Amino acid sequence: MSFAQQKLQEVVFLARTIKGDNTRTEQEFIESTWSTFEEFSPANQSVQERLKTLKIDDFQRSLSYGLRLDSQISLPLFSTTTIGSFPQTSEVRQLRVRYKRGELNQSEYEAAIDAQIAESIKLQEELGLDVLVHGEFERTDMVEFFGQQLSGFAFTENGWVQSYGSRYVRPPIIYGDVVRSEPMTVREFQVAQSLTEKPVKGMLTAPVTILNWSYPRIDVSRSEQAFQIALALRDEVADLEAAGAKVIQVDEPALREGLPLKPQRWSEYLSWAVDAFRLATAVAQPQTQIHTHMCYCEFGDIIKDIERLDADVISIENSRSNNQTLREITEGGYSHQVGNGVYDIHSPVVPTTEQILQQLRTGVANLPAKQIWVNPDCGLKTRGWEEVIPSIKNMVEAAKILREEVNTTVK
Ligand code: GLN
Ligand code: ZN
């Protein structure tokens with residue numbers, strides 16, 4: 001309601017301005033409101049300085065994809081992984097509610113989250129996945145979680161918006177320069193990685209998705225806000241790497257939805273949007289494998305921009321578009337690795353091994369086997385374990401069968 005009220009004030013103000021009816025006091029009111037705001041939220045000098053001194057190299061990994069590939073983690077053909085989140089059961093949600101209400105203190109809460117992480121690592125090992133995730137049990141929503149840890153973001157108690165089907169999120173409001181004061185995800189990564197010999201993915205949300213799923217500032221351009229978020233994420237990538245992450249996934253599902261309506265304005269948007277992703281990730285050493293994930297995104301007309309992200313691996317939605325996304329990617333001659341979502345996580349149906357194999361065979365027909373990853377088409381937070389466990393089991397089984405098939409053909 002307060003947003004609605006504010007919009008009405010703006011409409012009245014605009015109408016008066018157009019008619020030339022604005023009184024001087026209204027102008028003064030606006031100016032003084034801005035100066036009060038600036039006093040309340042002054043620019044952050046160190047962020048401003050970093051932005052001013054950015055160099056071309058800050059946007060570029062030190063080695064190109066072809067040259068860094070061999071130094072990265074070696075994995076089986078058709079590596080299996082998931083997109084990040086595991087079921088947000090009522091038990092997990094209850095933990096967060098009790099923590100918020102003060103019924104659990106920080107160490108009790110963290111211990112309970114760690115127990116969830118431990119269970120999920122054990123399960124992923126039993127299922128035979130190759131690259132594991134910690135499960136995102138500590139996250140409410142992939143944007144809110146990061147906003148809550150960065151300064152420059154404000155939140156509403158009840159400003160819910162519908163995001164997908166019957167799911168709702170409370171988008172953060174960016175009001176000031178974005179500053180990361182401490183690592184945001186390293187603790188949970190370390191807990192997960194300490195429990196397994198298999199690689200665990202560091203898991204971040206990319207700058208443009210954080211920006212596009214928040215209410216942006218109006219006094220600073222969107223590109224500058226994306227770069228500020230990118231700098232915070234860049235420090236997080238470096239910290240995850242220092243903590244031992246060999247694989248880091250930086251999710252950018254909202255890249256395409258930020259495209260301006262007019263196609264002639266696309267290239268300007270894509271130029272800074274892709275640069276923001278590069279700024280966040282290019283700090284990674286050549287041996288660190290950077291993944292990105294995008295769901296429900298048509299690629300055909302932006303394939304060159306997807307390529308320019310320079311992620312080593314991209315996981316995409318594919319199961320609902322009947323392989324159209326894959327076709328678009330392969331027709332564009334994409335040379336990096338691709339995880340075609342092999343089943344639709346938005347459906348409660350457990351895919352059979354045969355269905356997954358069929359999906360994978362389309363991949364094999366279109367792309368060299370070395371480029372193919374095997375994963376669901378999105379995070380699993382909306383599903384129950386009773387669906388997730390058999391689905392992943394069938395997915396891992398399908399990858400094994402395919403490995404044998406391909407080895408036989410090669411011999
Ligand atoms: N890593 C996130 C998850 O698994 C990605 C979600 C998304 O693409 N929307 O939930
Ligand atoms: Zn997704």
Side-chain angles (χ1 to χ4, degrees), residues 54-69 83 142-143 204-214 216 221-231 233-234 237 248-284 289-318 320-321 323-341 366-367 371-373 377-378:
L54 285 175
K55 298 177 297 299
I56 300 264
D57 282 354
D58 295 330
F59 294 86
Q60 210 148 289
R61 292 194 65 183
S62 58
L63 288 180
S64 64
Y65 176 70
L67 294 176
R68 63 186 187 247
L69 190 59
I83 303 304
M142 64 190 288
V143 168
L204 304 174
T205 304
V208 175
T209 296
I210 295 185
L211 176 73
N212 283 345
W213 290 352
S214 299
S221 68
R222 280 165 74 220
S223 58
E224 180 173 336
Q225 292 171 74
F227 281 18
Q228 290 192 7
I229 300 168
L231 284 174
L233 291 165
R234 183 180 175 90
V237 166
I248 303 175
Q249 181 175 308
V250 190
D251 293 326
E252 196 63 297
L255 180 75
R256 195 189 161 99
E257 71 183 47
L259 277 175
L261 285 178
K262 293 201 167 109
Q264 62 266 38
R265 289 176 52 212
W266 282 18
S267 69
E268 194 249 65
Y269 165 78
L270 286 165
S271 155
W272 61 256
V274 172
D275 278 351
F277 183 90
R278 292 173 66 110
L279 180 59
T281 52
V283 67
Q289 189 176 61
I290 296 289
H291 288 220
T292 190
H293 165 72
M294 292 181 186
C295 25
Y296 313 118
C297 180
E298 288 158 32
F299 286 106
D301 46 3
I302 59 164
I303 187 74
K304 287 287 159 236
D305 304 281
I306 302 288
E307 225 155 36
R308 208 168 72 77
L309 293 172
D310 200 24
D312 300 301
V313 183
I314 180 171
S315 59
I316 49 166
E317 183 277 339
N318 193 24
R320 288 218 252 182
S321 61
N323 287 315
Q324 166 149 1
T325 323
L326 178 65
R327 263 198 301 278
E328 287 170 352
I329 282 206
T330 48
E331 276 162 15
Y334 192 69
S335 58
H336 299 200
Q337 299 153 70
V338 183
N340 276 313
N366 284 280
L367 277 175
Q371 269 175 262
I372 300 175
W373 280 68
D377 71 351
C378 198

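Excluded from the calculations below are hydrogen atoms, water molecules and symmetry mates; all remaining heavy atoms, backbone and side chain alike, are included. Keep in mind that this is a model prediction, so the values were computed, not measured.
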Checklist line | Heavy-atom pair with the smallest gap, counting every atom of Val143 and Trp213 | finding: CG2-CE3, 3.7 Å
Notebook entry, point to check: Do Met142 and Pro253 touch side chain to side chain, with heavy atoms closer than 4.5 Å?
Noted result: yes
Next item on the list: Please report the C-alpha distance between Ile83 and Gln249 in whole Å, then the side-chain angles of each, then the deciding distance to 0.1 Å, and finally whether the side-chain contact (heavy atoms from CB on, under 4.5 Å) criterion is met.
Entry: CA-CA 9 Å; Ile83 303 304; Gln249 181 175 308; 3.9 Å; yes
Check: Considering all heavy atoms of both residues, which atom of Gln371 and which atom of Tyr334 are nearest to each other, and what is their separation?
Finding: NE2-O, 3.0 Å
Notebook entry, point to check: salt bridge (Lys or Arg N to Asp or Glu O under 4.0 Å): which pairs involve residues 254-283, sequence neighbours left out?
Noted result: Arg256-Asp301, Asp275-Arg308
Next item on the list: Side-chain contact test, heavy atoms from C-beta onward, threshold under 4.5 Å: evaluate it for Met294 versus Ile314 and give yes or no.
Entry: yes
Check: Nearest heavy-atom pair of Val237 and Val283: which atoms, and what distance?
Finding: CG1-CG1, 3.7 Å
Check: If you take all heavy atoms of Ala311 and His291, which pair is closest and at what distance?
Finding: CB-C, 4.4 Å
Check: How about Ile303 and Glu328: do any of their side-chain heavy atoms sit closer than 4.5 Å?
Finding: no
Next item on the list: Calculate, to the nearest 0.5 Å, the distance between atoms OG1 and CG belonging to Thr205 and Leu211 respectively.
Entry: 13.0 Å
Next item on the list: Only one of Thr281, Thr292, Ile248, Ile290 passes side chain to side chain contact (heavy atoms under 4.5 Å, CB included) with Asp312; say which it is.
Entry: Ile290
Note to self: Measuring only between side-chain heavy atoms, which start at C-beta, is Leu255 closer than 4.5 Å to Asn212?
What the structure shows: no
Next item on the list: Mind checking the NE2-CD1 spacing from His293 to Ile316? Nearest 0.5 Å is all I need.
Entry: 10.0 Å
Notebook entry, point to check: What distance do Leu204 atom CG and Arg234 atom CZ have between them, rounded to the nearest 0.5 Å?
Noted result: 13.5 Å
Margin query: With rounding to the nearest 0.5 angstrom, report the CD1 to OH distance, Ile302 to Tyr269.
Written below: 8.5 Å
Notebook entry, point to check: Say you draw a straight line from CZ of Arg61 to CG of Asp310; how long is it, rounded to the nearest 0.5 Å?
Noted result: 6.5 Å
Note to self: Do Ile329 and Asn340 have side chains that approach each other closer than 4.5 Å (heavy atoms only, starting at C-beta)?
What the structure shows: no
Next item on the list: State, with a plain yes or no, whether a side-chain heavy atom of Glu252 is found less than 4.5 Å away from one of Pro207.
Entry: yes
Check: Looking at Ala206 and Leu233, what are the two nearest heavy atoms and their distance?
Finding: C-CD1, 3.8 Å
Next item on the list: To the nearest 0.5 angstrom, please state how far the CG atom of Leu279 sits from the CD1 atom of Ile229.
Entry: 11.5 Å
Check: Are any non-hydrogen side-chain atoms of Gln337 and Leu69 less than 4.5 angstrom apart?
Finding: yes
Next item on the list: Let me see the working for Phe59 and Leu54 under side-chain contact (heavy atoms from CB on, under 4.5 Å), right down to the final yes or no.
Entry: CA-CA 9 Å; Phe59 294 86; Leu54 285 175; 3.9 Å; yes
